[in-house]
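Structure, as structure tokens:
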Amino acid sequence: MAALIPLQILAQEMVDELNSKSFYEKEVALKAILRPHLIDAHTNDSILFEKLTMWIIKEWGGIKAANEESTKLLIQEFLKSRVAKFDRIASISKVAAYMFPEECIIYDSRVAYSLNWILLSQNAGHKFFPIPDGRNSKMSAFNMDTLIRLKYVHKYVAPDKTSLSNKKYISKIDTELYISKERAYQTLNCLIKR
């Protein structure tokens with residue numbers, strides 16, 4: 001949060017006050033403080049807007065390796081179309097959740113993994129969210145895609161040997177089990193709003 005001081009978003013006293021709160025309270029307060037600055041900067045100060053979005057993605061969101069130039073373009077595309085490209089959904093959705101908290105939440109590997117686990121373990125649905133690439137070793141130890149496919153293993157049984165020669169055999173069946181990447185973020189936001 002200290003990086004927000006030179007940007008004149010926070011003062012040291014505000015940082016100290018935020019750090020005295022619980023993690024949840026701090027996050028809620030930080031989003032409330034940052035949101036109006038983001039919205040104003042988007043309209044009036046593109047340099048400040050880019051600095052704030054990169055802070056959200058890299059510092060707050062922990063995506064240190066985000067390519068700044070391509071990320072900035074993707075954010076601008078999202079703000080114009082409100083459609084997020086899946087290959088960078090973790091970055092884009094973090095900014096969207098700050099700017100439009102009534103409409104958007106974060107979509108990253110942890111969120112998708114958690115939702116899929118609820119759906120799978122509670123038999124709460126038969127369509128799952130695609131999981132973006134992540135770096136969490138605990139999640140990769142229990143690969144959710146494998147768990148989902150094991151539950152629905154009967155769908156993957158080939159009717160004959162020639163079916164297995166199709167290079168897209170698994171991915172074709174996956175389309176029955178997974179929400180498409182193009183619709184996943186919109187579907188998640190609608191689900192959470194409901």
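Worth saying up front: this structure is predicted, and the values here are computed from it rather than measured. The basis for the numbers below is simple: all heavy atoms, side chains too, and nothing from hydrogens, waters or symmetry mates.
The shortest side-chain heavy-atom distance between Asp174 and Arg149 falls under the 4.5 Å cut-off. Between His126 and Leu119 there is no side-chain heavy-atom pair separated by less than 4.5 Å. At a threshold of 4.5 Å between non-hydrogen side-chain atoms, the residues Ile105 and Asn189 count as touching. A 4.5 Å side-chain heavy-atom check between Leu52 and Val95 finds every atom pair outside the cut-off. Looking at Leu73 and Gln76, their side chains never come closer than 4.5 Å, going by heavy atoms from C-beta outward. Contact annotation: the side chain of Leu30 approaches that of Leu4 to within less than 4.5 Å [non-hydrogen atoms, C-beta and beyond]. Side-chain contact between Leu34 and Leu10: absent, with no pair of heavy atoms (C-beta onward) separated by less than 4.5 Å. Between Ser163 and Asp160 there is a side-chain heavy-atom pair separated by less than 4.5 Å.
Rounded to the nearest 0.5 angstrom, Ser91 OG and Ile56 CD1 are separated by 11.0 Å. For the atom pair CZ of Arg88 and CD of Glu77, the computed distance is 11.0 Å after rounding to the nearest 0.5 Å. Atom OG1 of Thr146 and atom CG of Leu150 lie 6.5 Å apart (nearest 0.5 Å). To the nearest 0.5 Å, the span separating CG on Leu177 from CD1 on Ile170 amounts to 10.5 Å. With values rounded to the nearest 0.5 angstrom, Cys104 atom SG is found 13.5 Å from Lys94 atom NZ. Note: Ile57 CD1 to Lys72 NZ = 10.0 Å, rounded to the nearest 0.5 Å.
Other residues, nucleotides and ligands contribute over 12 non-hydrogen atoms within 6.0 Å of the CZ atom of Arg35. More than 12 heavy-atom neighbours from other residues, nucleotides or ligands sit within 6.0 angstrom of CG on Asn19. More than 12 heavy-atom neighbours from other residues, nucleotides or ligands sit within 6.0 angstrom of CD on Glu103. Taking a 6.0 Å sphere around NZ of Lys51, one finds it holds 12 or fewer heavy atoms contributed by other residues, nucleotides or ligands. Atom CD of Gln8 has 12 or fewer heavy atoms from other residues, nucleotides or ligands within 6.0 Å.
One hydrophobic cluster holds both Leu147 and Ile173 under the rule that ILVMFWY side chains link at heavy-atom gaps under 4.5 Å. One hydrophobic cluster, built from ILVMFWY side chains closer than 4.5 Å, holds both Met54 and Ile5. Taken together through direct or relayed side-chain contacts under 4.5 Å among Ile, Leu, Val, Met, Phe, Trp and Tyr, Val111 and Phe142 form part of one hydrophobic cluster. Tyr152 and Val157 fall into different hydrophobic clusters, where Ile, Leu, Val, Met, Phe, Trp and Tyr side chains are chained together by heavy-atom contacts under 4.5 Å. If you chain together hydrophobic residues whose side chains sit under 4.5 Å apart, Leu74 and Val83 never meet in one group.
Annotation: side chain to side chain contact (heavy atoms under 4.5 Å, CB included) contacts of Lys127 (sequence neighbours excluded): Ile179. His42 meets the ring pair (Phe, Tyr, Trp, His ring centres under 6.0 Å) test with Phe49; sequence neighbours excluded.
Scanning all heavy atoms of the two residues, the minimum distance from Ala112 to Pro130 falls at CB-O, 3.6 Å. Considering all non-hydrogen atoms of both residues, Ile106 and Leu188 come closest at O-CD2, 4.0 Å. Minimum heavy-atom separation, Ile89 to Ala84: CD1-CB, 3.3 Å.
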Report task. I would like to know whether Tyr113 and Phe129 meet side-chain contact (heavy atoms from CB on, under 4.5 Å); could you show each step before the answer? Result -> CA-CA 8 Å; Tyr113 188 99; Phe129 289 92; over 6 Å; no
Report task. I would like to know whether Asp40 and His37 meet side-chain contact (heavy atoms from CB on, under 4.5 Å); could you show each step before the answer? Result -> CA-CA 5 Å; Asp40 181 64; His37 291 281; 5.9 Å; no
Query - side-chain contact (heavy atoms from CB on, under 4.5 Å) between Met144 and Leu120, intermediate numbers included - result: CA-CA 9 Å; Met144 183 58 64; Leu120 186 66; 4.0 Å; yes
**Report entry** Arg82 vs Phe100, side-chain contact (heavy atoms from CB on, under 4.5 Å): CA-CA, chis, key distance, verdict
**Finding:** CA-CA 11 Å; Arg82 292 292 181 98; Phe100 314 109; 3.0 Å; yes
Show the atom names and distances, to 0.1 Å, of all donor-acceptor pairs under 3.5 Å that link a side chain in residues 59-67 to residues at least two apart or in another chain.
from: Glu59; atom 1: OE1; to: Lys64; atom 2: NZ; distance (Å): 3.3
from: Trp60; atom 1: NE1; to: Glu27; atom 2: OE1; distance (Å): 2.4
from: Trp60; atom 1: NE1; to: Glu27; atom 2: OE2; distance (Å): 3.4
from: Trp60; atom 1: NE1; to: Tyr98; atom 2: OH; distance (Å): 3.4
from: Lys64; atom 1: NZ; to: Lys58; atom 2: O; distance (Å): 3.4
from: Asn67; atom 1: OD1; to: Glu69; atom 2: N; distance (Å): 3.1
from: Asn67; atom 1: OD1; to: Ser70; atom 2: N; distance (Å): 2.9
from: Asn67; atom 1: OD1; to: Ser70; atom 2: OG; distance (Å): 3.2

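Annotation for Tyr24: hydrophobic cluster partners, listed by chain and number, are Val28 (ILVMFWY side-chain heavy atoms under 4.5 Å, direct or chained).
Each ring-ring contact (aromatic ring centres under 6.0 Å, His included) pair with one or both residues in residues 153-194, not counting sequence neighbours, would appear here, but there are none. Residue pairs meeting the ring-ring contact (aromatic ring centres under 6.0 Å, His included) criterion with at least one partner in residues 66-91, sequence neighbours excluded, are Phe86-Tyr107.
With Asn116 contributing its side chain and Phe128 its backbone, the two residues share no donor-acceptor pair below 3.5 Å. Formation of a donor-acceptor pair under 3.5 Å by the Ser22 side chain with backbone atoms of Glu25 is found in this model.
Under 4.0 Å is where a charged nitrogen must lie from a carboxylate oxygen, and between Asp87 and Lys181 no such pair does.
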